[in-house]
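First the structure, in the form of C-alpha cells, and then the observations on it.
Each chain gets a letter, A, B and so on, in the order its sequence line appears, and its residues count up from 1. Since the model is a prediction, treat every value here as computed from it, not as a measurement.
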There are 2 protein chains.
Amino acid sequence: METNAETYGKEADVPGRIAAVSIVEAIAADLRSRIFSGDLGSGQSLTETEVASSYEVARPTAKASIEKLVAEGLLDRGTHKTARVVDLGPDSVRDIYLARAYLESEVLRRLARTKAVPQTAVQANRDIAAVQTGAPLDVVEPDMRFHTSLIDAVGNERISRMYRSLVGEVRLCMVRVQSLQLLDTELIHAEHQKILELIEAGQGEAAADLLDEHLGRARERLVAAMGGAAGPEAEHPSGLLSQ
Amino acid sequence: METNAETYGKEADVPGRIAAVSIVEAIAADLRSRIFSGDLGSGQSLTETEVASSYEVARPTAKASIEKLVAEGLLDRGTHKTARVVDLGPDSVRDIYLARAYLESEVLRRLARTKAVPQTAVQANRDIAAVQTGAPLDVVEPDMRFHTSLIDAVGNERISRMYRSLVGEVRLCMVRVQSLQLLDTELIHAEHQKILELIEAGQGEAAADLLDEHLGRARERLVAAMGGAAGPEAEHPSGLLSQ
DNA sequence: GCCCTTCGATTGTCTAACAAGTACACATGT
DNA sequence: ACATGTGTACTTGTTAGACAATCGAAGGGC
C-alpha cells in the first residue's frame, strides 16, 4: 500500500527534472535498486504474482517489469519458469569484463586521438576520491558513472546503447568487488586519474593498456574470490602507475 | 478457441524445423521479416489493435510483440503514441555504421592474433558468390551472416549480444544499399575474401583497415543516396585490394 | 529403491473494460 | 486573420478475472 507511495515519491522528489515514468518502469527501477543493494540476492526467486501483489498492481504489469529486467540481464528465466536474480559464475564474470575492456579500450584510443577529456568523467573521479573509506559500496555509483561518461563521450548513440545493455551486470560485479573489499578506493581513483591524463596527452595506446590492467585486476580478483582459478592479472599494480 | 488452433497451426506446419516459440515471438518474427522485405515501409504505422486483429490475437499479445521490435530498434514509439517503422536518416545511418566498424574492426584484430578463420564466415562468403546477379536482395542474408559469424567467433556471449542489438538496423541499411544497387556483389565478395586472408596471415591491422574501407564506402554511398553529404569514402576501392 | 502419476504452483494467453493521453478538427474570441 | 480554447475520435496504459499448458515436487505402486 505505502509501497506504491514510496516508489512514486522516490521519483517525484528528484528536483531539477520531472519524470512521468510508467508504472512498469517505476517497478523495474525499484527492483533494480533492490538487486543492487543486495536486498534481493543471487538466486532469489521473483514470481509474477509476488511482485504484482507487493506493489499492488495487476499481474501483466508485474510481468512487464520482470521482462524488462530479464532483457537487462539482471534476472534469468526460461519459459514457464520463475524468474530468478542472476547468479554470476566465474565464467560470466570473465565474459562481462572482457566485453567491457573490448568497448572501453577502443573508446580511450579514440578520445586520445582528439585529446578530449570529458568533464563528467573528471567529476565522477572527484566523487570517488570524496567517498568515506568506511563505506566501500558508495564507490560503485561514481565508478560506474566514470566509465559510462567515457563511453558517452564518443557521441555515438548505438555504442552508448550497447554499453547500457552491459551496465546492469557490470554493476553487479562492482558491488561484489566492493563488498569483498577486493580493491582499494585510492587505487581506483589514482588509475582513473592516470587514464584521464594519458588521454589528455594523446597517448591512447598507453591509456588502453592501463585500462586493461585496471579491469583485469578487478576481474581476476573477483574470479578468485568466487572460487575460480585466478589469472596473473590479480597481482599488485605494475610500474605503469608509478612513473 | 479455434483461434488458438489456427495460430499454433501456423507454426506447426512450418516444415524442416520445429519451432516451439511463443505467440509473441512468432508475431514479432513475422513483422520483422515484413519490415525487411519492404512490405512495411519506413514510417508505416502499426497500432496494437491492427496487429492484434490481423493476427487474431489479443491486444496485450500484439502489444508485447511491438515492444519487442521497439527494443530491437526496428520500430519507434513514444508513450501513448502509435508505433511506426523507423525512418533512418543520414545521421542514423552514420551512427549505425560507425558502431559496426567499432565492434568489428576490433574483432578482426583479435581473430588475426590467433589466425582463426571461422568456417561459418567462409561458407557465408561462398553463398554471396553464388547469388544470381539479378537478385541483389538475396545478398543481404549471407552478407549479414558473414559479419555475425566473425563477431561470434570471438566466443564472448555479451559481445555477440551487443552486436545482435544492432543487427536489425544494420539489416535495414543493407536492404537499402542493395535495393539501390549501390554496391557490386562481386566487390563485396572480393573484399570479404581478402579480409579472411588477412586474418589467416595474422595481419589484423590491415584487415581492420580494409573493413573500415568496406563499411565506409557502403555508409557514404547510402548517405549520399539519402540526400546527405557524402564523405570521401564513397569512392572506388583503393589499391588495398589489388595488391 | 526406482519409476510413474498426481497435484499444486506458475506462467502464457484471452476477453472485457475503463482511464488517460494524443491529435486533429472545429468553434470561439480578439 | 490569428491565436486560443474546446471537443471528439482514436490509441495506448492498466486493471480484473479466467482458463489452459506446463513445470516441480510429493506421494503411491512395483
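- The main-chain N or O of Asp95(A) is found under 3.5 Å from a side-chain atom of Asn156(B) such that the two form a donor-acceptor pair.
- Identified under the side chain to side chain donor-acceptor pair (under 3.5 Å) test for residues 64-75 of chain B, with sequence neighbours left out: Arg32(B)-Glu72(B).
- A donor-acceptor contact shorter than 3.5 Å links the side chain of Ser22(B) to the backbone of Glu25(B).
- Taking the side chain as every heavy atom from C-beta outward, Arg59(B) and Val51(B) never approach each other to under 4.5 Å.
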Identify all pairs in which a protein N or O lies below 3.5 Å from an N or O of nucleotides 9-13 of chain D, and state each distance.
| from | atom 1 | to | atom 2 | distance (Å) |
| --- | --- | --- | --- | --- |
| dT11(D) | O3' | Thr82(B) | OG1 | 3.4 |
| dT12(D) | OP1 | Glu48(B) | N | 3.3 |
| dT12(D) | OP2 | Glu48(B) | N | 3.1 |
| dG13(D) | OP2 | Glu48(B) | OE2 | 3.4 |
| dG13(D) | OP2 | Lys63(B) | NZ | 2.3 |
| dG13(D) | O6 | Arg59(B) | NH2 | 2.8 |

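- Taken from CG in Asp76(A) to CG in Leu88(A), the straight-line distance is 9.0 Å, to the nearest 0.5 Å.
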